Enquirer: 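Just dropping this structure here.
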Number of protein chains: 2
Amino acid sequence: MKRNTIQKHIIMETLREMNCHASAGMVYEEINRQYPTISKATVYRVLTEAAEAGELLRLRFAETDDRFDITLPPHAHITCRCCGAVQDVTFKTPWNPIENLADNAGFTPERYHIELIGLCPACNSLKKAE
Amino acid sequence: MKRNTIQKHIIMETLREMNCHASAGMVYEEINRQYPTISKATVYRVLTEAAEAGELLRLRFAETDDRFDITLPPHAHITCRCCGAVQDVTFKTPWNPIENLADNAGFTPERYHIELIGLCPACNSLKKAE
DNA sequence: TCCTTAATAAGAATAGTTCCTAAATAAATT
DNA sequence: AATTTATTTAGGAACTATTCTTATTAAGGA
């Protein structure tokens, strides 16, 4: 049976407080400040299991580590190619690539991810300063 | 000055013969059979440099390792969540997420990647067999 | 052919993540 | 409340993909 442990509670609360798009490593570092006895393996395992149980979303980005997200409905993201920052983005007209497939190469599509890559405001101004 | 080495020639030819979407590790393994003296570091470095020089495309997928692709124009892909196979896909109506952005969260978009995730035909039939 | 310098082979190092095992602990049972 | 049991944990080892280091090799111009 599934158990409610203090560790899991702290991990989920920390992810919530960090307000999204955190990687397992980021969550671990944040937790480690306040609760140095919670192990890295526990953070990775709890986040992975919660994602498998559908309690949160595991986002696998191209330019950076896996991120965990408590906002469940699928949404598009933009990542900074420089610092790895992640933000949600929305479109003027919604578009579903699965419904628009002309050729699926024999694959069975299940989900999709639209990812934009660019520069975040901070990295953008750093680049201008160079 | 840039030099033309046998190693680079073999690496690029192997990638071409493998007919796309190979990871650096896959290219290394393929080369290692015929030319066991070519080192792993050389394969990784040559592919990375060729991508930086625009000679090929480095695709960074969510569900699998980085892949290198000699087909240059941007195109959408579908990856198998089970075995990591990659295929190109096309859409009935083309759609550019950058032009359709309603909110860019302060980011400067540069490029995008549309990725579908699902099952390849082989993994699909394996699943049915279970 | 000789010389300069970039590219190489081999393996060590790194980073992010997962695995392993004894010990701790939560829930169920008494 | 005490006992039982099965899951979860901490801590570190192990693993994997990739990059770095350094002595050696070889490309291409003179």
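Just so it is clear, the structure is predicted and the values come from calculations on it, not from any experiment. Every chain is numbered from 1 and lettered A, B, ... according to where its sequence line falls, protein lines coming before strand lines. Basis for what follows: all heavy atoms, side chains included, without hydrogens, waters or symmetry-related copies.
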Enquirer: Calculate the interatomic distance between A:N4 atom CG and D:dA6 atom C1'; express it in whole Å.
Expert: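 The distance from CG of A:N4 to C1' of D:dA6 comes to 16 Å, rounded to the nearest Å.
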Enquirer: Got a donor-acceptor contact below 3.5 angstrom from the A:D103 side chain to the B:T90 backbone?
Expert: yes
Enquirer: I need the OH-C1' distance between B:Y35 and C:dA7, as an integer number of Å.
Expert: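 In whole Å, C:dA7 C1' lies 18 Å from B:Y35 OH.
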Enquirer: List in chain and number order the residues that pass side-chain contact (heavy atoms from CB on, under 4.5 Å) with B:N96, two or more places apart in sequence or in another chain; answer none if no residue qualifies.
Expert: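 For B:N96, the residues satisfying side-chain contact (heavy atoms from CB on, under 4.5 Å) (neighbours in sequence not counted) are B:I98, B:E99, B:Y112.
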Enquirer: Rounded to whole Å, how long is the line connecting atom CD1 of A:I38 with atom P of D:dG12?
Expert: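 Result: 16 Å.
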Enquirer: What pairs of residues pass the ring-ring contact (aromatic ring centres under 6.0 Å, His included) test when at least one of them lies in residues 19-50 of chain A, not counting sequence neighbours?
Expert: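 Of all non-adjacent pairs touching residues 19-50 of chain A, those that pass ring-ring contact (aromatic ring centres under 6.0 Å, His included) are A:H21-A:H77.
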Enquirer: Please check the phosphate of D:dT7 (OP1 and OP2 only) for any side-chain N or O of A:T5 closer than 4.0 Å.
Expert: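 Looking at the OP1 and OP2 atoms of D:dT7, neither is under 4.0 Å from any side-chain N or O of A:T5.
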Enquirer: When the distance from CD of A:E49 to C1' of C:dC19 is rounded to whole Å, what number comes out?
Expert: 13 Å
Enquirer: Rounding to an integer number of Å, can you tell me how far A:I31 CD1 sits from D:dG11 C1'?
Expert: 16 Å
Enquirer: Could you go over nucleotides 16-26 of chain D and give all protein N or O partners under 3.5 Å, atom names and distances?
Expert:
{"from": "D:dT18", "atom 1": "OP2", "to": "B:Y44", "atom 2": "OH", "distance (Å)": "2.7"}

Enquirer: For the pair made of NZ in B:K8 and P in D:dG28, what is the distance, rounded to whole Å?
Expert: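 Spelled out: NZ on B:K8 to P on D:dG28 is 12 Å.
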Enquirer: In chain order, what residues pass the side-chain contact (heavy atoms from CB on, under 4.5 Å) check against A:A50, with sequence neighbours excluded?
Expert: A:M12, A:E55, A:L56
Enquirer: Sequence neighbours excluded, which residues qualify as side-chain contact (heavy atoms from CB on, under 4.5 Å) partners of A:E13?
Expert: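 Applying side-chain contact (heavy atoms from CB on, under 4.5 Å) to A:E13 gives A:H9, A:R16, A:E17.
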Enquirer: Listing request: all salt bridge (Lys or Arg N to Asp or Glu O under 4.0 Å) pairs with a residue in residues 26-40 of chain B, at least two apart in sequence or in separate chains.
Expert: B:E30-B:R33
